[in-house]
There are 2 protein chains.
Amino acid sequence: MHTVEEIVARMSSQGLRVTDQRKTLAKLFADSPGYLSPKDVYEFMGKTYTGLSFDTVYRNLRVMEELGVLEQVVFEEGVKFKLHCREHDHHHHLICLQCGLTYPITFCPMVQTAVPDDFRVVKHKFEVFGYCGTCEQEETATQP
Amino acid sequence: MHTVEEIVARMSSQGLRVTDQRKTLAKLFADSPGYLSPKDVYEFMGKTYTGLSFDTVYRNLRVMEELGVLEQVVFEEGVKFKLHCREHDHHHHLICLQCGLTYPITFCPMVQTAVPDDFRVVKHKFEVFGYCGTCEQEETATQP
DNA sequence: CTGATTGCAAAACGTTTGCACGTTG
DNA sequence: CAACGTGCAAACGTTTTGCAATCAG
């Protein structure tokens, strides 16, 4: 669990400047349960910072990724970011296609996967997509 | 298993023109065991067709995808294409990071994954990345 | 005060489009 | 010969870069 304070402290300890914009960015991700695209971030931040530029958003997303605060995932629709999960417990995710909310899955299929002897496994990806309870209700509610 | 003849026949039956370039493209994928990026395809085709343009490569990749001959997958490094697997048996892949070769995995983790009652699953992705025997050998061979 | 951070403009990159010409069926 | 395919140039959306002005420590 990353709080705004933890993120800010981590930035500061690395000699990075803690600007208003970065604090807001930290808060945005600390409060978001799921994935955000650079555009999502730009739009949210733009409400507070008029004249905000896309390149600053990208720069700060990259900074926070290198800091280990954010993790980046590539989806069909493009790149998205979320708070980095606590690293020690390896796990996967259920991802809501509507709101981007993620649930952890503790089950890892890798342990049961038979791999040819001569194939050296480096990494794997297991993601489940669908609709969370809330979004599912909203969807059926709007259907006449 | 898709042969060049099958692909050509499928194109022709859909009213598409069978040009030399498309035949070469079909042959390229019929002979390739793994994923190819648009750039890979462009470079290969460029050897035969001087003055080839990227847009034609993209157009034909899209045509063959819509035809169901190719399937498109999004990787960290970008979009790649390969021959569409026989649809009837659901499976996943081992993918070689060096040469793009893919092996099928018949095991599907989805059947064992516990999902909250209120989450409706739509699709899932399970991919294992590493190095195949051939690439592994080449890599260790070049290490002094 | 000094170096990090920002906005601006412009470039880079992968992909798509409109158009006129050439080719396939 | 008609419709489809091609190359060219140019547009597009996303991401990155160089620069000078500004800000945090």
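To find a chain, count down the sequence lines: A is the first, B the second, and so on, and within it residues start at 1. Please read all numbers here as calculations on a predicted model, not as lab measurements.
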Round to the nearest Å and state the distance from [X] atom [atom1] to [N] atom [atom2].
{"X": "B/Leu52", "N": "D/dC8", "atom1": "CG", "atom2": "C1'", "value": "12 Å"}
{"X": "A/Tyr42", "N": "D/dT16", "atom1": "OH", "atom2": "C1'", "value": "16 Å"}
{"X": "A/Asp20", "N": "D/dC23", "atom1": "CG", "atom2": "C1'", "value": "11 Å"}
{"X": "A/Met45", "N": "C/dG7", "atom1": "CE", "atom2": "C1'", "value": "14 Å"}
{"X": "B/Lys23", "N": "D/dC4", "atom1": "NZ", "atom2": "P", "value": "19 Å"}
{"X": "B/Arg22", "N": "C/dT23", "atom1": "CZ", "atom2": "C1'", "value": "12 Å"}
{"X": "B/Lys80", "N": "C/dG14", "atom1": "NZ", "atom2": "C1'", "value": "14 Å"}
{"X": "B/Asn60", "N": "D/dC4", "atom1": "CG", "atom2": "P", "value": "15 Å"}

- Give the intermediate values and the outcome of ring pair (Phe, Tyr, Trp, His ring centres under 6.0 Å) for residues B/His92 and B/His124. CA-CA 10 Å; B/His92 299 281; B/His124 64 281; 5.0 Å; yes
I want to check one thing: is the phosphate of [N], taken as OP1 and OP2, less than 4.0 Å away from some side-chain N or O of [X]?
{"X": "A/Ser12", "N": "D/dG25", "result": "no"}
{"X": "A/Gln21", "N": "C/dG7", "result": "yes"}
{"X": "A/Thr56", "N": "C/dG7", "result": "yes"}
{"X": "B/Thr19", "N": "D/dT6", "result": "yes"}
{"X": "A/Arg59", "N": "C/dT5", "result": "no"}

- Query: Looking at the side chain of B/Asp55, which of D/dC8, C/dT6, C/dG25 is the nearest nucleotide?
  - Reply: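 Of all the options, the side chain of B/Asp55 is nearest to D/dC8.
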- Compare the minimum distances between each of D/dA9, C/dT5, C/dA9 and the side chain of A/Leu16, then state the nucleotide with the smallest one.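 Nearest listed nucleotide: C/dT5.
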- Query: Would you say B/Val115 and B/Phe107 are hydrophobically clustered, going by side-chain heavy atoms of ILVMFWY under 4.5 Å?
  - Reply: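 Shared cluster, yes.
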- Task: Please work out if B/Ser53 contacts a base, only the sugar-phosphate, or nothing of the nucleic acid, heavy-atom cut-off 4.0 Å.
- Result: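 Answer is base: heavy atoms of B/Ser53 come under 4.0 Å of a base.
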- Query: With a 3.5 Å cut-off and no angle check, do the side chains of B/Tyr42 and B/Ser53 form a donor-acceptor pair?
  - Reply: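 Checked: B/Tyr42/B/Ser53 side chains show no N/O donor-acceptor pair below 3.5 Å.
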- Side-chain ion pair, B/Glu127 and A/Lys123, N-O less than 4.0 Å: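 Salt bridge flag = no for A/Lys123 with B/Glu127.
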- A/Thr50 vs B/Arg17, nearer the 5' end of DNA chain C by closest nucleotide: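 Of the two residues, A/Thr50 wins.
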- Message: By nearest heavy atom, map B/Gly15 and B/Gly51 onto DNA chain D; which one lands nearer the 5' end?
- Response: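 Result: B/Gly15.
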- Which value, rounded to the nearest 0.5 Å, describes the distance between B/Glu71 atom CD and B/Tyr35 atom OH?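 It is 5.0 Å, given to the nearest 0.5 Å.
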